[in-house]
Amino acid sequence: MKTSIIGYPRIGSLRELKFASEKYFKGELSEAELQNTAKELRLKNLKEQKESGLDFIPSNDFSFYDGMLDTAFLLNAVSKRYKELGLSELDEYFAAARGYQGENGDVKALAMKKWFNTNYHYMVPEIDDDTEIKLLGSKPFELFKEALANGIKTKSVLIGPFTFLELARYTGKKTKEDFAEATANAYIDIIAKLSELGAEWVQLDEPYLVKDLSQEDIALFRALYQKILENKKGIKVILQTYFGDIRDCYNEATALDFDGIGLDFVEGRKTLELVKSNDFSKDKILFAGIVNGKNIWKNHYTKSFEVLNELKKQGINFVVGTSCSLLHVPYTLENETKLSDDYKKYFAYASEKLLELAEIKKIIESANPFETAEYKANAELFTQPRSGSNAEIREKVQALSTTDFTRFPTFAEREKIQKEKFKLPLFPTTTIGSFPQTAEVRKIRAGFRKGEISETDYESFLKEKISNCINLQEQIGMDVLVHGEFERNDMVEYFGECLDGYLFTEKAWVQSYGTRCVKPPIVWGDISRAKSITVKWSSYAQSLTEKPVKGMLTGPVTILNWSFPREDISLKESAYQIALAIREEVLDLEANGINIIQIDEAALREKLPLRRSDWNSEYLDWAIPAFRLVHSGVKPETQIHTHMCYSEFADIIEDIDNMDADVITFEASRSDLTILDVLKAKNFRTEVGPGVYDIHSPRIPTKEEIKSALKKMLDRIPAEKLWVNPDCGLKTRGNEETIPSLENLVVAAKEVRNTYNE
Ligand code: GLN
Ligand code: ZN
């Protein structure tokens, strides 16, 4: 029995690659120094993997920025605008990743998109009609040789031709099919070159196969691989899939001449069923993904052995591995110095997952697997009751019924009541919540966290910031005010800290894109509200003004999607628990005189399943109710807002309407207001504030440009439903641009209001 992983994190256990790259960008590090850091990190990974006893050790899973971008460079699928800069190879690569502005020109970066259902983002390659796809780069070969020189014959890992062509953007008339032959040829050349270097295995990652596939997709997949596999040059090729099951092409995939097929038994709900009900050829190896590559919990061996025993029963040759690349988990528990062993014994980051694979191998190979110490210790861990369970919360969730998810009275009646109550002008103006988090704010907050600033001093500082923020908004003439969110650095962490059941880590960084990493908190136990979260700040802000102040909360779906979730209960149950906790906060705000409450769901779409047929049953059927549960208990005259940004809304617009908020604000200016047509077509009921300007740019929008955006909006949205606001929170901006931008926004709204009334 052998073990395999699909890929490993590359940013460094202490984010060494991030820091070195950022220094290189600033000119503080030479290319040679950066290459050196990268090499050290790669060799460290290889050594660790080798020492763990791993059999299939990957190479070419390293990247300076992103694997799709690497593939584009390898295949010569790089837009001319980067080549024309005349930069060094590495700088041309970074220009495509990050954009370039300097002596050699001014070009934008490639677009960035979410990598399937993860929080990792890939660069979208651009293929022009005259792009000539061919093998050009040499990274996979260099890295194969580097490992070989260090005594390890690796499995070379590449993004496969099918996924590459499916995810690329075609700028001209040609389509992916037009590039299929050249792409297949390039992969044939890659394989030939690896074969020359002495490689035995190559792994081609094809996660796109777990999506809903059309007949054309399947035909493209088959055409590419028929050709590639006819020219294997003695190399063994693994078709590696992950993030789901390959129900649409299982038979096509197994009929092709692959030597190994990697299947995901963790997220692939149908994988086992597919393997059981179809023949899996005895001459192929099944790379069984049973150790979760996306979450931080230890593997439950009892469950894994149910799968492995079934494979054994079928007489299938298998290798045990991870469900996807370990890129999506942090490096090592060794860096978690503050977390006690009572918690840590349940967790496995990337390096602990290597040890799990070694243990599973040992267990399988022993004469009495279930009698081994390793197996027993693992079984014991999962039978022990875990701390953090809360019977009261569980019962509450159990007892929920339809009325708990339904707000009364109907939307239309509430709308009338609220118009009466707030008497807001037409096109009310508001912001999304945060105001500029200046260096001063960050410094004082850090000082408080380190214990250098007392709680009283910190509170008076925050109150002063809130008071200034309220004054500023009154001066500018905003209609619905916010307190500014100076107390929080992160919209999930801040809430998690006030909830029982959450755990925080020190170094559990996961790459999100390029040099950016995130550190998701862990849902450890049953969630409940430990203390009030925002009431103090919101009611203080409200005490300073006659105008309504909007309370500002993060919604349950976003909190859950930006955390490592539990595996012992369903996502639905966790979401409902979080929803009940936030619901308490909502009612607390209401009881304390806050009449407008915004519940942000920036990440609502993030975990939408990859297959459309699973959207409702697997996700929306609980995600939307979770949001409704948060606000269904408020009075008719309390106005509920929500906010969403930077994702596609069009295809779930009806579900968004079903969240039954009174008002939704969202980012719209980057997508050129295209969302408006959908709102109109679907007769969107919720009042809406499509952002009138992009907050990612320091540019100050002119009054005229805001007015023209509003006029466009009025063509499609009934006047009495339209709000005026920026795209998103202002925390990353400075006051210099925020103040004039909001001034222009208010004047624009007033002028449109006046002409509209005439
Ligand atoms: N209320 C939050 C803010 O203004 C929303 C942030 C977000 O949408 N990501 O910062
Ligand atoms: Zn936003």
Side-chain angles (χ1 to χ4, degrees), residues 114 119 121 429-438 441-442 445 462 465-466 469-470 472-473 478 480-496 498 512-513 516 518 520-521 533-534 537-538 541 549-563 582 585-586 589 594 596-607 627 630-631 639-649 656 659 661 663-671 675 688-697 723-735 737-738 741-742 745:
K114 269 168 55 71
N119 194 15
H121 302 71
T429 53
T430 191
T431 61
I432 308 306
S434 58
F435 265 67
Q437 296 244 333
T438 53
V441 174
R442 275 179 275 134
R445 198 171 44 224
L462 288 179
K465 295 304 292 183
I466 291 173
C469 186
I470 293 289
L472 176 68
Q473 293 170 81
M478 307 291 300
V480 173
L481 314 191
V482 295
H483 74 284
E485 298 183 22
F486 304 105
E487 75 286 356
R488 58 188 90 159
N489 52 347
D490 180 285
M491 61 189 285
V492 170
E493 193 167 55
Y494 184 76
F495 283 78
C498 300
S512 170
Y513 63 87
R516 189 172 151 77
V518 294
I533 309 172
T534 59
W537 313 123
S538 293
V549 171
K550 198 159 52 157
M552 200 55 63
L553 306 175
T554 305
V557 185
T558 296
I559 293 183
L560 185 61
N561 283 351
W562 282 346
S563 308
I582 304 297
E585 181 73 10
V586 165
L589 282 170
I594 303 300
I596 303 185
I597 301 167
Q598 177 173 311
I599 305 156
D600 290 327
E601 283 291 13
L604 182 86
R605 208 196 147 93
E606 197 134 302
K607 298 260 165 93
F627 183 87
V630 172
H631 71 91
Q639 190 169 69
I640 297 296
H641 290 216
T642 187
H643 166 73
M644 272 171 222
C645 48
Y646 310 108
S647 52
E648 287 275 326
F649 308 119
I656 295 175
M659 291 162 78
V663 181
I664 175 168
T665 56
F666 51 75
E667 164 266 333
S669 67
R670 288 226 289 201
S671 47
I675 184 73
V688 281
V692 293
Y693 77 89
D694 176 15
I695 55 88
H696 278 94
S697 161
W723 286 66
V724 185
N725 46 265
D727 263 352
C728 190
L730 303 164
K731 62 171 168 265
T732 56
R733 297 265 58 86
N735 283 317
E737 65 259 19
T738 295
S741 298
L742 291 179
L745 180 145

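Start at 1 and go down the list; that is how both ligands and their atoms are numbered.
Of all atoms in ligand 1, numbered sequentially from 1 with element shown, those under 4.0 Å from a heavy atom of His643 are 8 (O). Within ligand 1, the atoms closer than 4.0 Å to a non-hydrogen atom of Lys731 are 10 (O), numbered from 1 in the order shown. Near Cys728, meaning under 4.0 Å from any of its heavy atoms, are these atoms of ligand 1: 7 (C), 8 (O). Numbered from 1 in the order shown, with element, the atoms of ligand 1 that lie under 4.0 Å from a heavy atom of Cys645 read 8 (O). Residue-ligand proximity, Ala602 to ligand 1, at heavy-atom distances under 4.0 Å covers atoms 8 (O), 9 (N). Distances below 4.0 Å separate heavy atoms of Gly433 from the following atoms of ligand 1: 4 (O). For ligand 1, the atoms lying closer than 4.0 Å to a non-hydrogen atom of Gly729 are 3 (C), 4 (O), 10 (O).
Checked against a 3.5 angstrom limit, the closest N/O atoms of Ile432 and ligand 1 fall inside it.
The structure places OG1 of Thr554 at 9.5 Å from CD of Gln598, a figure rounded to the nearest 0.5 Å.
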Evaluation steps, side-chain hydrogen bond (donor to acceptor under 3.5 Å, both in side chains), between Thr534 and Glu585
CA-CA 8 Å; Thr534 59; Glu585 181 73 10; 2.7 Å; yes
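Screening Lys731, Arg445, Glu485, Arg442 for a side-chain hydrogen bond (donor to acceptor under 3.5 Å, both in side chains) with Gln437, the sole residue that qualifies is Arg445.
In terms of protein heavy-atom proximity, atom 9 (N) of ligand 1 is nearest to Met491 SD, 3.4 Å. Here the protein heavy atom with the shortest distance to atom 2 (C) of ligand 1 is Asp600 OD2, 3.3 Å. Of the protein's heavy atoms, Ser434 OG, 3.3 Å lies nearest to atom 3 (C) of ligand 1.
Counting heavy atoms from C-beta on, the side chains of Lys114 and Arg605 never come closer than 4.5 Å. Between Trp562 and Val518, the closest side-chain pair of non-hydrogen atoms is not below 4.5 Å. Inter-residue side-chain proximity for Phe495 and Arg488 is flagged as met; some heavy-atom pair is nearer than 4.5 Å. In this structure the side chain of Tyr693 reaches within 4.5 angstrom of the side chain of Leu742, judged on heavy atoms. The shortest distance between side-chain heavy atoms of Glu737 and Ser697 does not fall below 4.5 Å.
In this pair, His641 and Trp723 present their aromatic rings perpendicular. The plane angle is above 60°, beyond the 30 to 60° band.
Annotation: protein N, O or S atoms under 2.8 Å of the Zn ion (ligand 2) (waters excluded) comprise His643 NE2, Cys645 SG, Cys728 SG.
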